[in-house]
There are 2 protein chains.
Amino acid sequence: MPVTVLLVDDEPLVRAGLRAVLEAQPDIEVVGEAADGAAVIPLVRQLRPDVVAMDVRMPLLDGIEATRAVLRTVDAPPKILVVTTFENDEYVYEALRAGADGFLLKRARPAEIVHAVRLVAEGESLLFPASVRQLAAEYGRSGGNRAARAAMDRARLTEREAEVLRLMARGLSNTEIAARLVVGTETVKSHVSAVLAKLGARDRTQAVIAAYESGFVAPG
Amino acid sequence: MPVTVLLVDDEPLVRAGLRAVLEAQPDIEVVGEAADGAAVIPLVRQLRPDVVAMDVRMPLLDGIEATRAVLRTVDAPPKILVVTTFENDEYVYEALRAGADGFLLKRARPAEIVHAVRLVAEGESLLFPASVRQLAAEYGRSGGNRAARAAMDRARLTEREAEVLRLMARGLSNTEIAARLVVGTETVKSHVSAVLAKLGARDRTQAVIAAYESGFVAPG
DNA sequence: GATCGTCTCCCCCGGCCGGGGGAGGCCCGT
DNA sequence: ACGGGCCTCCCCCGGCCGGGGGAGACGATC
């Protein structure tokens, strides 16, 4: 069955764009739209979407309040994907703390948008979407810390995964980690893949960065 | 004759604030504004300001690159006053090394801003205001792992290599770094290899760890 | 007992990574 | 004029990495 999505944005143009991008996917279906946060709750109850793509800055009720309201009042709430224009948007971190599952830049490429929707639908959190990385590179290092901490908290690593991440953050290769933990390299690869998925990291380097930025490991 | 100033910042609000503060002075005149680094060079050629108040973090072309570009391509270049939000901004030092004449915190009081503009216009350099001196002192001790710091000092990275390492420490792949620096991937690979060799790192992950441990990049 | 989560291991495979070696252009200092 | 960094780009190639998919074993919880 397809992933169902509810679009919430005050700009019709943005909604139309998201709809076009997402509807092009056979496994994604846009089941509704709302122009402000106040209309979200009844629509969520009625449509029961898997994912809500929610703008942060909206009239009446902003994305943060709407996120809190949905998570507080709806049983088996949908995943919330926060949509924003700026990567260094204070409201985005507020929304993540309010319980949103990931965020997405409006200027992201279509493939990245689709990827983000699928990921949150599967229950993953999104720390390092490619679009954010790129923008963070353009603006400097303003995007990181708080989002990193939030993502690390939300990651819910198992003990073994945390152990593997600590060794990754000391520069060990998969083979070396396997030797240290006295398991097979394939096992280590499984754990590493799980860590990457949970942190929304693309490779071990990004995972280590997230570990430092979140305070999971400390320098010195 | 008055001191003429060109404002370069991607945030209209910041430009408006600087303009208000500076225009209040009879001997200072704001002669132009730009929203990104790419627009700076033609404006400098056209307006020939005495001082350019340049943001470090900007889209398209950041303050460092813009500073280099201006100093390299303009005859009798203006004084460059780097404007930043954060005191511990790695980019600021980079900009100073690129030839900027001083820097200025956005949160500075109006009188300090005016003072800074007048000073650089007179040819003084503003490299170490109190806030930065303090931060440099903190870097001196809190910058973690002494061995890592020693290794980083011994490494003697070139400017380009340091730039590449910073981007590596943000999780960018070689391809992404190449796009950002507008060079070929082979070039990036050369720089990365040089960084790894100089730091004694086996792979990019270890290099990023060294960057964090040495304080070359700081979490938060 | 059945289900779930965790830890363990396996195969295939494409791709990025990093090593080695080379080379041309540029600016700078001797 | 000649070197010496530095930045740029090129080739070949082995290997580690990460994705996708699958599966068995164990304990806990319902």
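Keep in mind that the numbers below use all heavy atoms, side chains included, and drop hydrogens, waters and symmetry copies. To find a chain, count down the sequence lines: A is the first, B the second, and so on, and within it residues start at 1.
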TODO: Using a cut-off of strictly less than 4.0 Å, decide whether A:Thr158 has a side-chain nitrogen or oxygen near OP1 or OP2 of C:dT6.
DONE: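 Result: no.
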Open item on the list: Can you see if the side chain of A:Arg204 gets near the phosphate of D:dG18 - specifically, an N or O under 4.0 Å from OP1 or OP2?
Closed with: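 Yes, A:Arg204 has a side-chain N/O under 4.0 Å of OP1/OP2 on D:dG18.
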TODO: Quick one, give me the B/S/- string for nucleotides 23-30 of chain C, reading 5' to 3', where B means a protein heavy atom under 4.0 Å from the base and S means that only happens at the primed atoms, P, OP1 or OP2.
DONE: --------
TODO: List in chain and number order the residues that pass salt bridge (Lys or Arg N to Asp or Glu O under 4.0 Å) with A:Glu29, two or more places apart in sequence or in another chain; answer none if no residue qualifies.
DONE: none
Open item on the list: The criterion is salt bridge (Lys or Arg N to Asp or Glu O under 4.0 Å); which residues satisfy it with A:Glu186, sequence neighbours excluded?
Closed with: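 Result, salt bridge (Lys or Arg N to Asp or Glu O under 4.0 Å) vs A:Glu186: none returned.
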Between the protein and nucleotides 9-16 of chain D, are there any N/O to N/O pairs under 3.5 Å, and if so, what are the atom names and distances?
unit_1 : atom_1 : unit_2   : atom_2 : d
D:dC9  : OP2    : B:Gly184 : N      : 2.5
D:dC9  : OP2    : B:Thr187 : OG1    : 2.5
D:dC9  : O5'    : B:Thr187 : OG1    : 3.3
D:dC9  : N4     : B:Ser190 : OG     : 2.9

Could you check how far [atom1] of [X] sits from [atom2] of [N], rounded to whole Å?
{"X": "A:Glu159", "N": "D:dG27", "atom1": "CD", "atom2": "P", "value": "16 Å"}
{"X": "A:Leu172", "N": "D:dC17", "atom1": "CG", "atom2": "P", "value": "10 Å"}
{"X": "A:Leu157", "N": "C:dG5", "atom1": "CG", "atom2": "C1'", "value": "15 Å"}
{"X": "B:His191", "N": "D:dT8", "atom1": "NE2", "atom2": "P", "value": "4 Å"}
{"X": "A:Glu161", "N": "C:dT6", "atom1": "CD", "atom2": "P", "value": "7 Å"}
{"X": "A:Asp203", "N": "C:dG18", "atom1": "CG", "atom2": "P", "value": "10 Å"}

Among all residues two or more places apart in sequence or in another chain, which pass the side chain to side chain contact (heavy atoms under 4.5 Å, CB included) test with [X]?
{"X": "B:Thr187", "answer": "B:Val183, B:His191"}
{"X": "A:Gln46", "answer": "A:Leu43"}
{"X": "A:Ser173", "answer": "A:Thr175, A:Glu176, B:Arg202"}
{"X": "B:Arg48", "answer": "B:Val74, B:Ala76"}

With [X] via side chain to side chain donor-acceptor pair (under 3.5 Å) - residues at least two apart:
{"X": "A:Asn174", "answer": "A:Arg204"}
{"X": "A:Thr185", "answer": "none"}
{"X": "A:Thr4", "answer": "A:Asp50"}

Task: Degree of bending in the helix from C:dG1-D:dC30 to C:dC28-D:dG3 once both end axes are built from five pairs, to 10° - done: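 Axis angle across the helix from C:dG1-D:dC30 to C:dC28-D:dG3, nearest 10°: 40°.
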Open item on the list: What's the closest nucleotide to the side chain of A:Arg160 if the choices are D:dC7, C:dC7, C:dG18?
Closed with: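 Output: C:dC7.
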TODO: Give a yes or no on whether the backbone of A:Gly171 and the side-chain of B:Gln206 come within a donor-acceptor separation of less than 3.5 Å.
DONE: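 Indeed, once roles are kept as given, a pair shorter than 3.5 Å links the two residues.
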